[in-house]
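Here is the structure we will look at.
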Amino acid sequence: MQVLILGGTTEASAIAAALTGDARMRPVLSLAGRTRAPVLPAIPARRGGFGGVEGLVAYLQAHGVAALIDATHPFAVRISRNAAAAAAIAKVPLVTVLRPQWAPCPGDRWAEVPDMPAAAQALGAEPRRVFLTVGQQELAPFGLAPWHRYLIRSVEPPDPALLPATARHIAARGPFREDEERRLLEQEGIEVMVTKNSGGAATAPKLAAARALGVQVVMVARPPPPPGETVPDAAGALAWLDHVAATWKRGV
Ligand code: NAP
């Protein structure tokens, strides 16, 4: 059975790894192509956009895809919206992997904001040392608050044109350990951290480190979830796939 996994997350990689050598399935992992040197699984992979809903429908039909797993990041709203629309048009079963959100624990100092411009505003008028862990694509609002000192961590270096003048970049790929996160926050004298509410274990240690050190966290809320069936993790997606495969075999 031909399976398309929309990826770019640890869950997508886990699904790909679990399907390696599964004789029932012909999985393909699709990546947007943002990361220059992605960690690739042993299953076939493709890179780059499909060309909107129309392009994705054409791909699903041309490759006889019988199951679509949207395991993209919770903040990757466009591809998820396209996946829902294309699956409906091509009549391909779709499941979305939506990992649980992070929730504040006792001792956390969170300021929850709706989007990135609000996050930049929440940093305030006084200069602060800020740790930005929001990826490299949404930095522009922080350029409007150049009085802060920014430390930016992302897998790929950001476009220098988007960087506030006072910003420094460190390239790193999770998972991260709490003791390392603590050391980084202490060494850099970080007063406030900005993050998206991505959820998941790989990057959660930064929140524990912030809690332990009393560092404030500006938490950008998630966009609304896509329509349709969701599962919280890779195991849920694999169980869903088993079910689809059983139905598909019977030709129902
Ligand atoms: P997005 O805004 O939802 O998507 C923009 C366009 O990129 C889509 O319309 C699609 O192009 C293409 N695209 C996105 N994901 C794709 C995939 N898995 N395979 C093929 N094409 C894809 O996405 P984004 O927020 O830029 O995220 C890009 C990738 O990075 C995703 O794979 C996501 O899982 C991963 N990621 C995102 C974040 C985040 O915070 N946004 C964090 C970690 C990882 P077409 O319309 O041409 O098909």
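Indexing begins at 1, ligand by ligand and atom by atom, following the structure's order.
- Polar contact check, G51 against ligand 1: a nitrogen or oxygen pair lies under 3.5 Å apart.
- Within the structure, the closest approach of R47 to ligand 1 does not fall below 4.0 Å when heavy atoms are considered.
- Considering only non-hydrogen protein atoms, atom 10 (C) of ligand 1 sits nearest to I79 CD1, 3.9 Å.
- The shortest N or O to N or O distance between R78 and ligand 1 is under 3.5 Å.
- One finds no salt bridge joining R173 and E156 here, because no Lys/Arg side-chain nitrogen approaches an Asp/Glu carboxylate oxygen to under 4.0 Å.
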Run the numbers on D115 and E138 for side chain to side chain contact (heavy atoms under 4.5 Å, CB included), then give the verdict.
CA-CA 10 Å; D115 53 28; E138 292 176 83; over 6 Å; no
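- Shown in contact with G49 at under 4.0 Å from a heavy atom are these atoms of ligand 1, numbered in order with element: 11 (O), 21 (N), 45 (P), 47 (O), 48 (O).
- Annotation: S80 places no N or O atom under 3.5 Å from an N or O atom of ligand 1; distance criterion only.
- In this structure, R129 is not positioned above the aromatic face of Y150 in the sense of NZ or CZ being under 6.0 Å from the six-membered ring centre and within 45° of the axis.
- Scanning all protein heavy atoms for the shortest distance to atom 48 (O) of ligand 1 gives F50 N, 2.7 Å.
- Interface of V77 with ligand 1, defined as ligand atoms under 4.0 Å from a residue heavy atom, comprises 3 (O).
- Clustering ILVMFWY residues whenever any of their side-chain heavy atoms sit less than 4.5 angstrom apart, transitively, puts I69 in the very cluster that holds V231.
- Taking the side chain as every heavy atom from C-beta outward, L163 and F142 never approach each other to under 4.5 Å.
- Of the protein's heavy atoms, A32 CB, 3.6 Å lies nearest to atom 16 (C) of ligand 1.
- No donor-acceptor pair closer than 3.5 Å links the side chain of R182 to the backbone N or O of A212.
- Salt bridge annotation for E188-R168: present, with a cationic side-chain nitrogen under 4.0 angstrom from a carboxylate oxygen.
- Counting the atoms of ligand 1 from 1 in the order shown, those under 4.0 Å from a heavy atom of S30 are 17 (C), 18 (N), 19 (N), 20 (C).
- Numbered from 1 in the order shown, with element, the atoms of ligand 1 that lie under 4.0 Å from a heavy atom of R46 read 20 (C).
- Each of the following atoms of ligand 1 lies closer than 4.0 Å to a heavy atom of F75: 40 (O), 41 (N).
- Of the protein's non-hydrogen atoms, G8 O, 3.8 Å is the one closest to atom 35 (C) of ligand 1.
- With rounding to the nearest 0.5 Å, the separation of CD1 in I43 from CD1 in I5 is 4.0 Å.
- For atom 31 (C) of ligand 1, the closest non-hydrogen atom on the protein side is G7 O, 3.8 Å.
- Of all the atoms in ligand 1, the ones that sit under 4.0 Å from a non-hydrogen atom of K196 are 39 (C), 40 (O), 41 (N).
- An N or O contact shorter than 3.5 Å links H73 to ligand 1 by distance.
- For atom 7 (O) of ligand 1, a protein heavy-atom neighbour is present inside the 4.0 Å cut-off.
- Residue contact annotation: Q137 has a non-hydrogen atom under 4.0 Å from ligand 1.
- A salt bridge links E11 and R99; the closest N-O separation between the charged side-chain nitrogens and carboxylate oxygens is under 4.0 Å.
- Looking at heavy atoms from C-beta onward, T72 lies out of side-chain contact with T96 at the 4.5 angstrom threshold.
- Taking distance alone, with nitrogen or oxygen atoms compared against 3.5 Å, G52 approaches ligand 1 more closely than that limit.
- Within a 6.0 Å radius of CD in E186, other residues, nucleotides and ligands contribute more than 12 heavy atoms.
- Remark: R46 qualifies as a cation-pi partner of F50 under the 6.0 Å distance and 45° angle criteria applied to the six-membered ring.
- Counting heavy atoms closer than 4.0 Å to ligand 1, residue N82 contributes side-chain atoms (C-beta onward) but none from N, CA, C or O.
- In terms of N/O distances under 3.5 Å, ligand 1 is approached by R34.
- Residue-to-ligand polar distances keep T9 apart from ligand 1: every N/O pair is separated by 3.5 Å or more.
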Please evaluate residues L139 and I152 with respect to the criterion side chain to side chain contact (heavy atoms under 4.5 Å, CB included), reporting the C-alpha separation (whole Å), side-chain torsions for both, the decisive distance (0.1 Å), and the verdict.
CA-CA 9 Å; L139 296 169; I152 297 169; 4.1 Å; yes
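- At least one heavy atom of G48 lies less than 4.0 angstrom from ligand 1.
- A 4.5 Å side-chain heavy-atom check between L123 and Q216 finds every atom pair outside the cut-off.
- When only non-hydrogen protein atoms are considered, atom 23 (O) of ligand 1 lies nearest to A76 CB, 3.6 Å.
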